[in-house]
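Quick notes on the structure that follows.
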Amino acid sequence: MLFRFPSESHIMTKRPYWEALVGIHNIFKLFGADYVHRLTYKDLPNVDKWGIRFNFMMSF
């Protein structure tokens with residue numbers, strides 16, 4: 001089975017994809033938040049250079 005990628009997807013070259021992130025995890029033992037910054041492939045049109053990710057996890 002082949003995947004159908006969105007039409008705005010780009011082919012990556014031999015350069016690796018890098019991103020850096022800083023996060024806070026285990027907030028009330030349920031949530032986490034990360035700030036993500038793209039380090040490579042920033043010159044492509046319509047790409048976000050940074051973002052915020054939220055996650056949900058349960059720890060006891």
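These figures come from a predicted structure and were not determined experimentally.
Summarising the local packing, CD1 of Ile24 is surrounded by 12 or fewer heavy atoms from other residues, nucleotides or ligands at distances under 6.0 Å. At most 12 non-hydrogen atoms from other residues, nucleotides or ligands lie less than 6.0 angstrom from CZ of Arg4.
Other cluster members for Phe54: Tyr35, Trp50, Ile52, joined by side-chain heavy-atom distances under 4.5 Å among Ile, Leu, Val, Met, Phe, Trp and Tyr. Hydrophobic cluster membership of Leu39, counting Ile, Leu, Val, Met, Phe, Trp and Tyr whose side-chain heavy atoms lie under 4.5 Å apart directly or via other members: Trp18. Leu21 belongs to a hydrophobic cluster whose remaining members, ordered by chain and number, are Val36; membership requires side-chain heavy atoms of ILVMFWY residues under 4.5 Å apart, directly or through intermediates.
Legend: salt bridge (charged side-chain N to carboxylate O under 4.0 Å, His left out) pairs involving residues 38-56, not counting sequence neighbours, sorted by first then second residue: Glu19-Arg53.
Evaluation of the ring pair (Phe, Tyr, Trp, His ring centres under 6.0 Å) rule for Phe31 yields Phe56 as partners, not counting sequence neighbours. Listed by chain and residue number, nothing satisfies the ring pair (Phe, Tyr, Trp, His ring centres under 6.0 Å) test with Phe28 (two or more places apart in sequence, or in another chain).
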Chi angles and distances behind the side chain to side chain contact (heavy atoms under 4.5 Å, CB included) call for Val22, His37: CA-CA 9 Å; Val22 176; His37 183 74; over 6 Å; no
